[in-house]
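Structure first, then comments.
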Amino acid sequence: MRKQFAVIGLGRFGTSVCKELYKLGHEVLAIDANEEKVNEMTRHSTHSVIGNATDEKTLQSLGIRNFDYVVVAIGDDIQSSILCTLVLKELGVKNVWVKAQNYYHERVLEKIGADRIVHPEQDMGIRIAQHLTSEKIVDYIELSADYSIVELIATAKIANKSLIDLDIRAKYGCTILGIKRGEDMNISPMPSDVILKDDILIVIGHKNDLKRFEEDGM
Ligand code: ATP
């Protein structure tokens, strides 16, 4: 079933969330107080509306309660971000994801019931740092404080070996979730599958185990 999303605040972050959801074929309502920002988004959203998202009546009249997810991407104006989140939760929106500007903003958002708090700048900073420090890391997703998924480029050291030969799970406690080879994606690798140089391995595990595997195992 197609999900319904609303994105409030069309700065760089909100705009990119909105465009991507729309590209993925979802229904997206874009809301901003700034007319120009809203006009820019008409081509990249199902509906775009000019409005003050801290105003309960405005949100109610848009039927915001019926949306599966509402993303609050109001950045600098922390007061509006908090007020908007509060109104959304009071109106009964199930999933409210909010972009936090700083630690105190996050604490307040937690207290008023934001379902997920995101820090795009910090997350991106971590990913870029991972790229910079290891040529083998293509991408990095933090799942929790301890667990992550990384995409690693297969080196010559592990090339032409099968997963059973490499025995990564027993040796490093990490699991290979998938293997990308050019446009092909093997999402349920078999023990007998052989890795080729420059394949991209999608690996899940504890951060320490992933680091051990990346540094010593390949
Ligand atoms: P980025 O770094 O992603 O560009 P930012 O955090 O700097 O974002 P802002 O420039 O603060 O984001 O943009 C947030 C958007 O939210 C602006 O377009 C602004 O018009 C909009 N906005 C702020 N307050 C409200 C409000 N009460 N109702 C609707 N839109 C709002």
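Every number for a ligand or one of its atoms is a count from 1 in the order of the listing.
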key: F5 with L59, same ILVMFWY side-chain cluster at under 4.5 Å   =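 Each belongs to a different hydrophobic cluster.
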
message = Would you say I202 ends up clustered with I195 if hydrophobic residues are merged whenever their side chains have heavy atoms under 4.5 Å apart, either directly or through other cluster members?
response =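 Unlinked, I195 and I202 end up in two clusters.
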
Give me the residue, atom name and distance of the protein heavy atom closest to [atom].
| atom | value |
| --- | --- |
| atom 13 (O) of ligand 1 | G11 CA, 3.8 Å |
| atom 8 (O) of ligand 1 | K99 NZ, 3.5 Å |
| atom 27 (N) of ligand 1 | N52 OD1, 2.9 Å |
| atom 25 (C) of ligand 1 | I74 CD1, 3.8 Å |
| atom 4 (O) of ligand 1 | R12 N, 2.7 Å |
| atom 3 (O) of ligand 1 | F13 N, 2.6 Å |
| atom 17 (C) of ligand 1 | D32 OD2, 3.4 Å |
| atom 10 (O) of ligand 1 | D76 OD2, 4.3 Å |

Looking at [X], I want to see if its [atom1] is surrounded by more than 12 non-hydrogen atoms of other residues, nucleotides or ligands under 6.0 Å.
| X | atom1 | answer |
| --- | --- | --- |
| R107 | CZ | no |
| K157 | NZ | yes |
| L132 | CG | yes |
| K89 | NZ | yes |
| E215 | CD | yes |

task = For ligand 1, note which part of L10 has a heavy atom under 4.0 Å away: side chain, backbone, both or neither.
result =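 Under 4.0 Å from ligand 1, L10 contributes backbone atoms alone.
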
ask   = What pair of heavy atoms forms the shortest contact from C84 to I74, and how long is it?
value =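 What the structure gives for the nearest pair is CB-CD1, 4.4 Å.
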
query = Would you say the side-chain atoms of D146 and S144 include a donor-acceptor pair closer than 3.5 Å?
reply =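 Note: D146 and S144 side chains miss the donor-acceptor criterion.
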
Using non-hydrogen atoms of the residue, decide whether [X] is closer than 4.0 angstrom to ligand 1.
| X | result |
| --- | --- |
| I8 | no |
| A73 | yes |
| I31 | no |

key: Distance-only N or O hit between ligand 1 and N34, under 3.5 Å   =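 Min N/O separation from ligand 1 is not below 3.5 Å for N34.
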
inquiry  = Quick test of your reading of the structure: of S81, P120, A33, whose heavy atom lies closest to atom 30 (N) of ligand 1?
reply    =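 The residue whose heavy atom sits nearest atom 30 (N) of ligand 1 is A33.
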
message = Just to be sure I'm reading this right: ignoring hydrogens, which of A53, G75, G51 gets closest to atom 9 (P) of ligand 1? Compare them by their nearest heavy atoms.
response =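 Answer by nearest heavy atom: G75.
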
Check ion pair D139-R127 (N to O, under 4.0 angstrom) =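 Between R127 and D139 there is a salt bridge, with a charged N closer than 4.0 Å to a carboxylate O.
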
key: For T54, the ligand 1 atoms whose distance to one of its heavy atoms is below 4.0 Å   =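 Here the atoms of ligand 1 in question are 27 (N).
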
